[in-house]
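Throughout, protein chains are lettered first and strands after them, A, B, ... in sequence-line order, and every chain is numbered starting at 1.
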Amino acid sequence: MSGLNQLFQHLLGRRGADAGCDDSLEVLDLFVEEELEGRRAADTFPAVAVHLESCPDCREDYEGLRELARSNGSAPRGISR
Amino acid sequence: MAPHAPIPPAASAKALDEDSRRWLDGLRSGGPDGADAVEALFDLLRRGARREAERRRGSLPEHVLADLDDLARQAADLAVAAVLRKLPEYRGDSRFTTWAYKFVIFEMSAALRREAWRGRRTVDIDDDAWRRLADSRAIDPAAKTELRELVSTIERCVATELTPWQREVFISVVVLGVPIDVLAHRHDKARGAVYKVLHDARRKLRAFLHAEGWDAGRAGEPT
């Protein structure tokens, strides 16, 4: 992407329908798992993908959740039988 | 931590993976088993919060680094409460741990942003702030000139077309890099409400740029 387009995107956000923060966070776990399972989450949740490229806070949260989901914390043995 | 009451199962749950099922069964049971499950959840989320802090370590000031353990515990506590409150809505569409991590990421990141910006002004723009915005993305002199012209046009639009609140949000978030969470916290608003203001400001800017002859039509489309 050229410097001009980078600046446009930084200033104006990405074009397209934007899901907003609340709706994006609602499905962020599904979005992350789509990606971790090798599917294109942006195809399933296009408005969320637009939002994550336009909202720096949600983008950072998405990156953090993706890292944690990769680590896959499993239930300790014995918490339920 | 708050006493744990048994939580009713969701009205209709799809097939769960074994691990998610064990978490759900544990958290939904009352008595000692339920308390053990809540304790295990707290520990999982505390470690998750700590890992998130480590991931962001490079961007955190010293005074925040000293408090990471406390911040992680507080975030985990709030996240456990949110998980237990929302548990009846969990349908198993994602793994339980991914779903639960979402709450602690949200709590921890908001806390880290607030602490990192504690005592700092959110709108404190200097004369060079706009120029830095252009120069950080330009490689050759011709591109730098074009970017500076663009930034100058944006600056004019921000000064004349945006409302005072839109101006504060746009300058803070886009020009100065203030987290939206920090603005939201200081104005007692939700992140989504502040983002909506930014979104509306960007729409005005896009229209203004178009009227000024800038081809922003394709900018920001997926590549």
Visitor: Do A/E33 and B/S94 have side-chain N/O donor and acceptor atoms under 3.5 Å apart?
Guide: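 Side-chain D/A pair, A/E33 to B/S94: absent.
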
Visitor: Under 4.5 Å between any side-chain heavy atoms of A/C58 and B/R191, yes or no?
Guide: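 Of all side-chain heavy-atom pairs linking B/R191 with A/C58, at least one is under 4.5 Å.
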
Visitor: Which atoms of B/F170 come close to chain A, meaning under 4.5 Å heavy atom to heavy atom: side chain ones, backbone ones, both, or neither?
Guide: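 Answer is side chain: those atoms of B/F170 sit under 4.5 Å from chain A.
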
Visitor: Passes side chain to side chain contact (heavy atoms under 4.5 Å, CB included), B/S109 versus A/E60? Steps please.
Guide: CA-CA 8 Å; B/S109 63; A/E60 201 170 32; 5.6 Å; no

Visitor: Could you tell me which non-hydrogen atom of A/F8 sits nearest to which non-hydrogen atom of B/L209, and how far apart they are?
Guide: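 For A/F8 and B/L209, the tightest heavy-atom pair comes out as CE2-CD1, 3.7 Å.
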
Visitor: Testing the basics here: between A/S71 and B/R51, what is the closest heavy-atom pair and its distance to 0.1 Å?
Guide: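 Shortest heavy-atom contact: CB-NH1, 3.2 Å.
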
Visitor: With a cut-off of 6.0 Å (strictly less than), are more than 12 heavy atoms of other residues, nucleotides or ligands near NZ of B/K189?
Guide: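 Incorrect, the count does not exceed 12.
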
Visitor: Working to the nearest 0.5 Å, report the span between CZ of B/R95 and CG of A/L30.
Guide: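 The CZ atom of B/R95 sits 12.0 Å away from the CG atom of A/L30.
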
Visitor: Looking at OH of B/Y90 and CG of A/D29, how far apart are the two atoms once the value is rounded to the nearest 0.5 Å?
Guide: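 Taking OH in B/Y90 and CG in A/D29, the distance rounds to 8.0 Å.
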
Visitor: Do the side-chain N and O atoms of B/Y195 and A/D57 include a donor-acceptor pair separated by under 3.5 angstrom?
Guide: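 No, no side-chain donor-acceptor pair sits under 3.5 Å.
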
Visitor: Specify the closest pair of heavy atoms between A/L11 and B/R202, including all atoms of both residues, with the distance to one decimal.
Guide: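 Minimum heavy-atom separation between A/L11 and B/R202: O-NE, 3.0 Å.
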
Visitor: In Å and rounded to the nearest 0.5 Å, what is the NZ to CG distance from B/K196 to A/D18?
Guide: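 Rounded to the nearest 0.5 Å, the NZ-CG separation comes out at 10.5 Å.
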
Visitor: Please determine whether the number of non-hydrogen atoms from other residues, nucleotides or ligands lying under 6.0 Å from atom CZ of A/R59 exceeds 12.
Guide: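 Check passes, neighbour count above 12.
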
Visitor: Can you tell which part of A/S54 gets under 4.5 Å to a heavy atom of chain B, answering side chain, backbone, both or neither?
Guide: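 Both parts, backbone and side chain.
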
Visitor: Could you check whether atom CG of B/D188 has more than 12 heavy atoms from other residues, nucleotides or ligands sitting under 6.0 Å from it?
Guide: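 No, because the 6.0 Å sphere around CG of B/D188 holds 12 heavy atoms or fewer from other groups.
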
Visitor: Mind ranking A/L28, A/V32, A/L25 by heavy-atom pairs under 4.5 Å with chain B and telling me who comes out on top?
Guide: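 Among A/L28, A/V32, A/L25, the one with the most close pairs to chain B is A/L25.
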
Visitor: Look at B/E52, B/M108, B/R113 and state which one has the largest set of heavy-atom pairs under 4.5 Å with chain A.
Guide: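 If we count pairs closer than 4.5 Å to chain A, B/R113 comes out on top.
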
Visitor: Counting C-beta onward and ignoring hydrogens, is there a side-chain heavy-atom pair between A/L68 and B/I105 closer than 4.5 Å?
Guide: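 Side-chain contact under 4.5 Å: yes.
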
Visitor: Hey, are A/D61 and B/R56 close enough for a salt bridge, meaning a charged N less than 4.0 Å from a carboxylate O?
Guide: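 Yes, A/D61 and B/R56 are salt-bridged.
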
Visitor: Side chain from CB out, backbone as N, CA, C, O: work out which of these in B/L205 comes under 4.5 Å of a heavy atom of chain A, or both, or neither.
Guide: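 Looking at B/L205, backbone and side chain both touch chain A.
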
Visitor: Which bit of B/L150 is near chain A, if near means a heavy-atom gap under 4.5 Å: side chain, backbone, both or neither?
Guide: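 Side chain only.
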
Visitor: Where on B/V194 is there a heavy atom nearer than 4.5 Å to chain A: the side chain, the backbone, both, or neither?
Guide: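 Neither part.
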
Visitor: If you take all heavy atoms of A/L65 and B/K102, which pair is closest and at what distance?
Guide: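 Shortest heavy-atom separation between A/L65 and B/K102 comes out as CD1-N, 3.6 Å.
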
Visitor: Applying side chain to side chain contact (heavy atoms under 4.5 Å, CB included), run through A/E63 and B/R55 and close with a yes or a no.
Guide: CA-CA 10 Å; A/E63 290 169 352; B/R55 193 179 72 85; 3.7 Å; yes

